2 protein chains.
Amino acid sequence: MSATPAPARRARRYDPGRRDRLVDTTLDVVAEQGVAAATHRAIARAADVPLGSLTYHFGSLTDLLAAAFTRHVDTVAARFDERMRAAPDRAAALESLVEHLTGDLLGSQRDLVLAVELYVAAARNPALRAVTQDWMSRSRRSLERHLDPVTAREVDALVEGLVLHSALSTGPMTADQIRSALHRLAG
Amino acid sequence: MSATPAPARRARRYDPGRRDRLVDTTLDVVAEQGVAAATHRAIARAADVPLGSLTYHFGSLTDLLAAAFTRHVDTVAARFDERMRAAPDRAAALESLVEHLTGDLLGSQRDLVLAVELYVAAARNPALRAVTQDWMSRSRRSLERHLDPVTAREVDALVEGLVLHSALSTGPMTADQIRSALHRLAG
DNA sequence: AGCTCATAAGAACGAGCGTACACAGCGGTT
DNA sequence: AACCGCTGTGTACGCTCGTTCTTATGAGCT
């Protein structure tokens with residue numbers, strides 16, 4: 001019998017996609033429990049792989065975190081730039097931004113939490129700082145498709161405030177409030 | 001020989017202000033090395049007290065952090081409310097806000113860092129969440145001395161974004177840029 | 001004076017951490 | 001078939017952590 005191992009655990013010798021899965025699992029753990037709780041052991045448990053597997057695929061925990069955040073930033077930044085690229089004019093871009101905020105970012109507690117966790121981890125960890133700065137500059141460049149650089153910067157700052165606010169506050173702002181603030185700032 | 005121990009350390013039996021000093025030292029350590037590095041041992045070393053002294057004065061590390069952040073928030077919030085209270089009208093209030101941002105907050109890397117560290121620590125620690133929410137509501141109440149509630153909320157979000165931005169970005173915004181954004185938002 | 005007890009001190013404990021390393025399994029090359 | 005070498009595994013080491021606990025000390029009360 002048995003090509004299929006019944007216990008379903010520890011049956012995974014030769015696992016080509018493991019490296020990728022580890023990156024995804026790391027993001028899950030960070031989103032659910034924070035960077036401080038994202039230890040080798042916690043991630044290994046969540047991914048159902050042995051402890052040694054982590055240092056095998058990633059030289060250090062920082063390497064793993066950097067890979068994970070890089071993937072997350074790539075995803076979010078690409079999605080946002082796609083929105084900005086698709087917007088025909090400034091007004092549409094602002095509306096897309098509102099959608100991005102209320103739908104993609106503020107709508108999903110996961111992305112929100114990941115953003116804040118990244119911000120703070122980067123504040124102390126030089127290897128991660130490059131990732132946040134890349135995110136900031138990409139998002140500003142996306143905004144500049146339809147806004148002048150000065151306004152783009154202001155909008156970017158407001159957006160970050162909104163993200164932080166929504167991540168921590170019990171009563172986040174509504175789409176209408178966000179729309180009105182953006183229009184006053186950039187409308 | 002020697003009633004006086006030469007090393008000059010450990011000579012502090014009976015130290016009435018120690019509890020207070022511990023709170024201040026904790027803020028220093030957090031500002032310099034982050035919440036993650038603010039361990040009992042690091043704080044004890046910085047305050048030049050024995051390790052056991054910390055759990056004697058504060059039941060747990062969380063208690064100590066909460067006391068420290070509460071003190072910091074009280075200081076900053078009181079200073080800000082004083083500014084808003086002193087402003088004769090809306091325009092003066094906005095200018096005071098610019099000063100508060102460029103001078104008190106963004107000007108001192110210390111306050112900036114403390115703010116962000118608090119934000120993030122609060123995201124995972126319920127005991128600290130009360131402190132941030134108190135800060136947010138106090139700062140909004142101060143703004144509402146001269147702004148309507150909706151605008152106050154928007155300005156508050158922008159300010160938080162500016163704080164985060166300045167804490168992490170290499171090129172923070174100038175006073176002029178901040179003034180212009182505020183006036184467009186609340187002008 | 002003597003007593004009492006809050007304060008101070010430092011060693012110790014158990015848990016969890018990142019990382020290193022020696023060994024096991026298996027595809028690919030001879 | 002025999003081997004090699006990369007991939008994967010599991011254990012162990014050294015360290016730091018929060019917290020506990022025993023013992024010392026001296027200020028303030030009677």
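All of these numbers come straight from a predicted model, not from anything done at the bench.
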Picking from [options], which would you name as closest to the side chain of [X]?
{"X": "Leu61(B)", "options": "dT19(D), dG18(C), dG8(D)", "result": "dT19(D)"}
{"X": "His57(B)", "options": "dG18(D), dA8(C), dT9(D)", "result": "dA8(C)"}
{"X": "Pro50(A)", "options": "dA12(C), dG10(D), dT7(D)", "result": "dG10(D)"}

Classify the nucleic acid contact of Thr55(B) as base, sugar-phosphate or nothing, counting any heavy atom under 4.0 Å across all strands shown. base
Look at all strands and tell whether Leu51(A) reaches a base, only sugar-phosphate, or nothing, counting heavy atoms closer than 4.0 Å.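 Base contact.
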Lys/Arg N to Asp/Glu carboxylate O, Arg179(A) vs Asp176(A), below 4.0 Å: yes
May I ask you to decide whether Arg141(B) forms a salt bridge with Asp81(B), counting only side-chain N to carboxylate O separations under 4.0 Å?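 Asp81(B) and Arg141(B): not salt-bridged.
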Between the side chains of Glu154(B) and Ser180(A), is a donor N or O closer than 3.5 angstrom to an acceptor N or O? yes
Got a sec, which residues hit salt bridge (Lys or Arg N to Asp or Glu O under 4.0 Å) with Glu117(A), two or more places apart in sequence or on another chain? Arg124(B)
Return all side-chain donor-acceptor pairs below 3.5 angstrom for residues 25-37 of chain B, not counting sequence neighbours, or 'none' if the list is empty.
{"from": "Thr25(B)", "atom 1": "OG1", "to": "Arg21(B)", "atom 2": "O", "distance (Å)": "2.8"}
{"from": "Thr26(B)", "atom 1": "OG1", "to": "Leu22(B)", "atom 2": "O", "distance (Å)": "2.7"}
{"from": "Asp28(B)", "atom 1": "OD1", "to": "Arg110(B)", "atom 2": "NH2", "distance (Å)": "2.6"}

Gap between atoms [atom1] and [atom2], on [X] and [N] respectively (whole Å):
{"X": "Phe58(B)", "N": "dG18(D)", "atom1": "CZ", "atom2": "P", "result": "15 Å"}
{"X": "Asp15(B)", "N": "dA6(C)", "atom1": "CG", "atom2": "C1'", "result": "14 Å"}
{"X": "Gln33(A)", "N": "dG16(C)", "atom1": "CD", "atom2": "C1'", "result": "14 Å"}
{"X": "Leu64(A)", "N": "dT19(C)", "atom1": "CG", "atom2": "P", "result": "10 Å"}
{"X": "Asp20(B)", "N": "dT7(C)", "atom1": "CG", "atom2": "P", "result": "14 Å"}
{"X": "Leu54(B)", "N": "dT7(C)", "atom1": "CG", "atom2": "C1'", "result": "14 Å"}
{"X": "Arg18(A)", "N": "dC6(D)", "atom1": "CZ", "atom2": "P", "result": "19 Å"}
{"X": "Leu22(A)", "N": "dT7(D)", "atom1": "CG", "atom2": "P", "result": "15 Å"}

Is a donor-acceptor contact shorter than 3.5 angstrom present between the side chain of Arg41(B) and the base of dG18(D)?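 Checked by distance alone, the answer is yes.
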[X] side-chain N/O to [N] phosphate OP1/OP2 under 4.0 Å:
{"X": "Arg45(B)", "N": "dT16(D)", "value": "no"}
{"X": "His40(B)", "N": "dT16(D)", "value": "no"}
{"X": "Arg19(A)", "N": "dG8(D)", "value": "no"}
{"X": "Tyr56(A)", "N": "dT7(D)", "value": "yes"}
{"X": "Ser53(B)", "N": "dA8(C)", "value": "no"}

